[in-house]
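In what follows, every chain begins at residue 1, and chains take the letters A, B, ... in the order their sequences are listed. Note that the coordinates shown come from a computational prediction; the quantities given were computed from them, not determined experimentally. Values below: all heavy atoms of this structure, side chains included; hydrogens, waters and symmetry mates excluded.
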Amino acid sequence: MDFSQIAAEGQRFLPYFHTAKKYDILMFMEHKKALHWADQTAEKIIAEWGEKDLYTCASGITPSGTVHVGNFREMISVELVVRALRDRGKNVRFIYSWDDYDVFRKVPLNMPQPELLEKYLRFPITMVPDPWGRDKSYARHHEVDVESVLPQVGIYPEFIYQADRYRAGTYAEGMKRALEMREHLKTILDKYRDEDHKIQGEWWPVAVFCSNCNRDTTEIDGWDGDWGLSYHCDSCGHRETGDLRTLKGAKLVWRVDWPMRWNFEKVDFEPAGKDHHSQGGSFDTSKHVVEEVYGRKPPVTFRYDFIGIKGSPGKMSSSKGKVVDLPDLLRVYQPEIVRYLFAGTRPNTEFVISFDLDVIKIYEDYDRTERIYWGAEKAKDEEVRAREARIYELSQVTKVPSAMPYQVPFRHLCNLLLIHQGDIDKLIATLPALTEEQEKLIRQRAVCAWYWVQECAPEDFRFAVKEPGDKAELTDDEIRAVRSLRDSVVVKLETFADEKMIAEAVYKAAELAGTDPKLLFRASYQALIGKDQGPRLAGFLGAIGKEKVLAILSAY
RNA sequence: GGGCCGCUAGCUCAGUAGGUAGAGCAACGCCCUUUUAAGGCGUGGGUCACAAGUUCGAAUCUUGUGCGGCUCACCA
């Protein structure tokens, strides 16, 4: 692009282009910057590390309890960045670290058999039994819960099990290096501590699970400057001098462990929660450690915020200590929409995941984004269109469907399901012919909608169509209104061109019966569903079906 | 005490290429002789917390102030 072109184009965007500063012009020339935060992060990673054959993106947590939506935010944030990198043709390794060699510190409130678990405090969580008896350990149970559900939302990391790594001696070199740099590490960790909190007395960058009783209640007695490490256990009195390469219980303390692994795996990107991301926090000290002790630049990062919950994910889940996890989300939101929630929100902003009436709005928002992507709805401007389209792409579990999905608004879907008492096959039968792909998505959405209606929606949202013969208590006026509706509208329901025509006929029916339309509506809803209100009557009659409505109303 | 984040319409929030302030809901109005839990159209409404600075131009960048929140300094 030569300068005259820039100038011409610049005039369009910058009315004051002719007087703009050089800085403004430079900014303008770079204006093709990525719109989505995942793309921006991907570009930052590439800019920071340069062109590489392989980029490593990492995430991980300690499975010391139920892995909740907050933890999930980290996984999906990384996954979105991984996709953005891959979309740029990069080769990416996406690792997820299960820190299952951490100590079992306290028993979470929502665990079964707390007395049993109590006995294993101070053990590594990988050696605590699974209180459900399903998996080989407490840690494994939580890992399996997550690993089995992630594919549903299109997330496929390479899992790394830290207990296995440490016990296999994988990090022996890293531990030795930390011991050599012991004094320097101490200085780094003390940097942001005030006088009262400086490390007191002897400090070791390694800790040991006792080989006799498995607890971490040990103290280091010495290091021989090479591979030999001595310790004793305060619980069982065991004393031992082991070799770092074979001493299975030895591990690095957290703030050294993390940076050591950044170096070991050559991590280029890893976000962290806000608890890690303040000065003196673990990400901050780890940054110093990886540079000064392991000689590697810290990864590109960002801070993600916490997630709040609004409404209840189900009637049964109000027990104490209940945390909301990914399966809870998937019962109410179809997988694309789970991804959409996270892809559509910048990681460093807090947001709430709703299980109440907001669910309807979230579905509507997603549908709108979908229409914009497919050009079925105009976006305000090109920028909005491009951003919405990108969010839509990133929200897909695999790839974008081959044609625009058939949209059934969530609220309408709920009503249809209530009419058909949750029978999805019957519901599908009322829709126009769909492709296999479209039907699959509707079925998925219907399962969520039905769960939501039954478990999360407010009581007055639900209704059930009466069975013929189940007669409502109506006054004479009401009975007259219902008869009028039946005889002047329902009997020729199929002759109306559209819902609007039916609506008109409904009002005409009230007039014929000599009653207020209000009364007719109330009476009709009472007769059909036993409530004072319901979905818009005109469409509702058609949805229930002429035969069934007649069968019900014939009692009057 | 250190650090971080937020403060935009009545409410919930978009708005991080600096270029005339936006959406949804609420409100108000009009229309379809009819909003009964998927009606349509339209209108009003903001000192973008406050102050100063940079700039031709600031919600946007800088500094300071206020209010609210989070986080670290013990452990991961």
Side-chain angles (χ1 to χ4, degrees), chain A residues 10 12-21 23-24 26-35 37 40 61-62 64 99 101-106 125 189-200 207 216 251 253-255 257-258 273-285 303 305-306 310 344-346 348-352 354 357-358 360-361 364-365 368 380-381 383-384 387 408-415 418 457-458 460-463 499-511 517-522 524-525 531-540:
Chain A
R12 274 190 15 235
F13 288 85
L14 306 171
Y16 298 92
F17 192 81
H18 56 288
T19 55
K21 288 272 148 81
Y23 176 79
D24 288 325
L26 286 174
M27 288 310 291
F28 166 72
M29 289 169 73
E30 284 180 17
H31 85 277
K32 45 193 185 300
K33 210 164 142 189
L35 284 167
W37 60 264
Q40 289 166 357
I61 63 151
T62 303
S64 57
D99 299 341
Y101 214 34
D102 288 351
V103 193
F104 189 44
R105 190 161 273 105
K106 65 173 190 225
I125 51 176
L189 297 188
D190 265 343
K191 194 168 168 185
Y192 291 102
R193 301 179 195 204
D194 60 30
E195 283 313 311
D196 295 341
H197 295 96
K198 296 279 188 220
I199 294 169
Q200 307 292 319
D216 77 336
K251 59 169 292 194
V253 299
W254 164 244
R255 283 174 187 247
D257 171 62
W258 201 11
K274 61 176 171 183
D275 47 340
H276 297 292
H277 260 288
S278 60
Q279 201 171 69
S282 55
F283 195 96
D284 190 53
T285 52
R303 188 188 66 100
D305 218 308
F306 295 158
K310 189 157 161 274
T345 314
R346 277 198 311 277
N348 65 349
T349 44
E350 196 174 321
F351 75 102
V352 298
S354 298
L357 288 168
D358 289 356
I360 297 170
K361 186 179 184 311
E364 282 172 359
D365 288 349
R368 182 167 169 274
K380 197 178 72 179
D381 55 48
E383 188 178 321
V384 169
R387 187 168 45 231
V408 182
F410 193 77
R411 174 168 223 146
H412 183 56
L413 186 58
C414 290
N415 285 335
L418 283 160
D460 59 357
F461 200 91
R462 288 186 281 277
F463 62 82
E499 258 183 56
K500 199 170 164 107
M501 302 292 284
I502 299 175
E504 279 178 30
V506 168
Y507 280 86
K508 191 71 63 72
E511 204 177 299
K518 267 195 179 128
L519 184 140
L520 178 140
F521 280 110
R522 204 192 81 87
S524 306
Y525 288 121
K531 303 182 74 158
D532 283 351
Q533 303 183 347
R536 301 183 121 238
L537 195 55
F540 193 40

statement: Testing B:A76, B:U36, B:A38 for proximity to the side chain of A:His412, the answer is B:A38
- request: Take the angle between the ring planes of A:Phe463 and A:Phe540 and call it parallel below 30°, perpendicular above 60°, tilted in between.
  value: perpendicular
field: Distance, rounded to the nearest Å, where A:Phe540 contributes CZ and B:U34 contributes P
entry: 24 Å
message: Give me the distance, rounded to whole Å, that separates B:G46 from B:C13 when you measure between the C1' atoms they each carry.
response: 14 Å
message: Can you check the distance between B:C50 and B:A9, where both ends of the measurement are the P atom (answer in whole Å)?
response: 11 Å
Can you name the atoms? Protein N/O to nucleotides 69-72 of chain B N/O, anything below 3.5 Å, with the distance.
from  : atom 1 : to       : atom 2 : distance (Å)
B:C70 : O2'    : A:Lys274 : NZ     : 2.7
B:U71 : O2'    : A:Ser278 : OG     : 3.0
B:C72 : O4'    : A:Ser278 : OG     : 3.0
B:C72 : O2'    : A:Gly280 : O      : 3.3

Separation between the P atoms of B:A58 and B:A26, rounded to whole Å: 36 Å
field: Rounded distance (nearest 0.5 Å) linking atom CG of A:Asp365 with atom CD1 of A:Ile360
entry: 12.0 Å
- prompt: Rounded to whole angstroms, how far apart are CG on A:Asn415 and P on B:A37?
  reply: 10 Å
field: Rounded distance in Å - CZ (A:Arg462) to C1' (B:A37)
entry: 15 Å
task: When you get a sec, tell me which of B:A38, B:U36, B:A76 is the closest nucleotide to the side chain of A:Tyr507?
output: B:U36
message: Just N and O in the side chain of A:Arg105: are any of them under 4.0 Å from OP1 or OP2 of B:C75?
response: no
message: Test salt bridge (charged side-chain N to carboxylate O under 4.0 Å, His left out) on A:Asp305 and A:Arg346; report intermediate values, then the result.
response: CA-CA 9 Å; A:Asp305 218 308; A:Arg346 277 198 311 277; over 6 Å; no
Side-chain donor/acceptor contact of A:Arg346 with base of B:U16 under 3.5 Å: yes
field: First encountered from the 5' end of RNA chain B, between A:Ile199 and A:Leu519
entry: A:Leu519
- prompt: Taking atom C1' of B:U36 as reference, at what distance in whole Å does atom NZ of A:Lys531 sit?
  reply: 14 Å
task: Can you tell me the pairing partner of B:G42 across any strand shown, Watson-Crick or G-U wobble, with both distances under 3.5 angstrom?
output: B:C28
message: Let's test this: given Watson-Crick or G-U wobble pairing with both distances under 3.5 Å, identify the partner of B:U47.
response: none
- prompt: Looking at the side chain of A:Lys361, which of B:G24, B:A76, B:U36 is the nearest nucleotide?
  reply: B:G24
Heavy-atom closest pair, residues A:Arg462 and A:Lys531: O-NZ, 2.6 Å
- request: Write down the partner of B:G18 under the Watson-Crick or G-U wobble criteria, each distance required to be under 3.5 Å.
  value: none
